[in-house]
Undergrad: 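Take a look at this one; I'll ask things after.
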Protein chains: 2
Amino acid sequence: MPTMTAAQQRAQARADYDAFLAGCPSRQLLARISDKWVALILAALGSDGPHPSGQEGACGQEGAAGPRAMRYSELARRLAGVSQKMLTQTLRTLERDGLVTRTVTPTVPVTVTYELTELGLSLHSLMRSVKEWAETHMSEVLANREEYDTRTA
Amino acid sequence: MPTMTAAQQRAQARADYDAFLAGCPSRQLLARISDKWVALILAALGSDGPHPSGQEGACGQEGAAGPRAMRYSELARRLAGVSQKMLTQTLRTLERDGLVTRTVTPTVPVTVTYELTELGLSLHSLMRSVKEWAETHMSEVLANREEYDTRTA
DNA sequence: CAGGATCCCGCTAGATACTG
DNA sequence: CAGTATCTAGCGGGATCCTG
């Protein structure tokens, strides 16, 4: 009898793997940009433009280029579906990572604005290339998907 | 009294937003590549190389370039921490999207191999650019993070 | 060998209420 | 205005058992 059961060994392997992945830069980045709201916040702060009433126009990434400072409440309006909790939480982590700056202006009541840093801007341009891949190849993916479904139906 | 309470209005907004996001190509792509195992499978299939005993070397994306056909059990070994359920499930969706091909050879017992399609290969190269951004800028992010933590401690 | 089916648990996002 | 604190439910993912 081994000192570990097979189940324990697998659990151990998983733990090791998780620890390994936790230290992987690519994975950390992936975890960050795939966050439900990060991409939207980046898009909102990274792309200027008028405030459309709806969210039409390719996921909010449209509008003239150019970084932009926005107030908390302004972001909350643009990202119509976000809860304050997630908005605040996401902005905090982005600030912590040096992707956005948080500026408090001691008016009454307080005014807080967020703006992309250069690093955040750089990430935003990476996101643009991701977006481009998506727009170029996604129709193909969708077609494959449909064909697969009818074939296996 | 309005026909909807404020809570209902927000819930509605969220529903609309979710529906909107569901149709967004960029978001779909993000959801796909950020899947815990997709990146690893892509890396395993996309980069050839010897089978290192560990996973050292930048998250398994190393090795000479060149697509590669791998068996199910081979993948399971390379991705040491994956459960059969997730491996199978992930491979299925990748196949459905036309990113990998699944080939069954009716030996006894059956042999199943997976290989990247051209589309999958294209996605793999997008992943490489993501990886490059990560390796270039992640140290900066980490530094910002640490500085933030000590500053707010 | 490669996978299907089932149960179950942890984590996280969301709702709600309160504050400087 | 711009948050913080707390509670809870839903769901993704893992473990386990079973099949062609």
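Below, chain A is the first sequence line, B the second, and so on; all start at residue 1.
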Undergrad: Looking at every strand, decide which applies to A:Q89 at a 4.0 Å heavy-atom threshold: base, sugar-phosphate, or nothing.
TA: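 The answer is sugar-phosphate, as A:Q89 gets under 4.0 Å only of primed atoms, P, OP1 or OP2.
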
Undergrad: Expressed in angstrom and rounded to an integer, what is the separation of A:D35 atom CG from C:dA13 atom P?
TA: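 The answer, rounded to whole Å, is 7 Å.
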
Undergrad: Closer than 4.0 angstrom, basic N to acidic O: yes or no for A:K36 and B:D18?
TA: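 A salt bridge links A:K36 with B:D18.
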
Undergrad: Using five pairs at either end of the helix from C:dC1-D:dG20 to C:dG20-D:dC1, determine the angle between the two local helix axes and round it to 10 degrees.
TA: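 Its terminal axes enclose an angle near 50°.
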
Undergrad: What is the distance from CE of A:M86 to P of D:dT4, rounded to the nearest Å?
TA: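 Checked: the CE to P distance equals 13 Å.
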
Undergrad: Would you give the length of the straight line joining atom OG1 of A:T101 to atom CD of A:E118, rounded to the nearest 0.5 angstrom?
TA: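 Going from the OG1 atom of A:T101 to the CD atom of A:E118 covers 12.0 Å.
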
Undergrad: List the atom of B:S34, the atom of A:S34, and the distance in Å for their closest heavy-atom pair.
TA: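 Smallest heavy-atom distance, with atoms named: CB-CB, 2.9 Å.
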
Undergrad: Scan A:T113, A:T88, A:V110 and name whichever one has a side chain to side chain contact (heavy atoms under 4.5 Å, CB included) with A:Y72.
TA: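 Among A:T113, A:T88, A:V110, the one meeting side chain to side chain contact (heavy atoms under 4.5 Å, CB included) with A:Y72 is A:T88.
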
Undergrad: Distance check needed: C:dA13 C1' versus A:L79 CG, whole Å only.
TA: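 The distance from CG of A:L79 to C1' of C:dA13 comes to 15 Å, rounded to the nearest Å.
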
Undergrad: I'd like to know whether A:L87 forms a side chain to side chain contact (heavy atoms under 4.5 Å, CB included) with A:W37, so could you lay out the CA-CA distance, the side-chain angles of the two residues, the decisive distance to 0.1 Å, and finally the verdict.
TA: CA-CA 8 Å; A:L87 182 55; A:W37 301 110; over 6 Å; no

Undergrad: I'd like to compare against my own output: the B/S/- annotation of nucleotides 1-9 of chain C with a strict under-4.0 Å heavy-atom distance to protein.
TA: SSSS-----

Undergrad: Write down the distance between CH2 (B:W37) and C1' (D:dG14), rounded to a whole number of angstrom.
TA: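 So the CH2-C1' distance, B:W37 to D:dG14, works out to 11 Å.
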
Undergrad: If Ile, Leu, Val, Met, Phe, Trp and Tyr residues are connected whenever their side-chain heavy atoms lie under 4.5 Å apart, and connections chain through other members, are A:Y148 and B:V100 in the same group?
TA: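 Not linked; separate clusters.
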
Undergrad: Would you find a donor on one side and an acceptor on the other, under 3.5 Å apart, between the side chain of B:Q28 and the backbone of B:P25?
TA: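 No: the side chain of B:Q28 does not pair with the backbone of B:P25.
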
Undergrad: Tell me, do B:R68 and B:E74 make a side-chain contact under 4.5 Å, heavy atoms counted?
TA: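 With C-beta onward as the side chain, the pair touches.
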
Undergrad: Rounded to the nearest Å, what distance is computed from the NZ atom of residue A:K36 to the C1' atom of nucleotide D:dG12?
TA: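 Result: 14 Å.
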
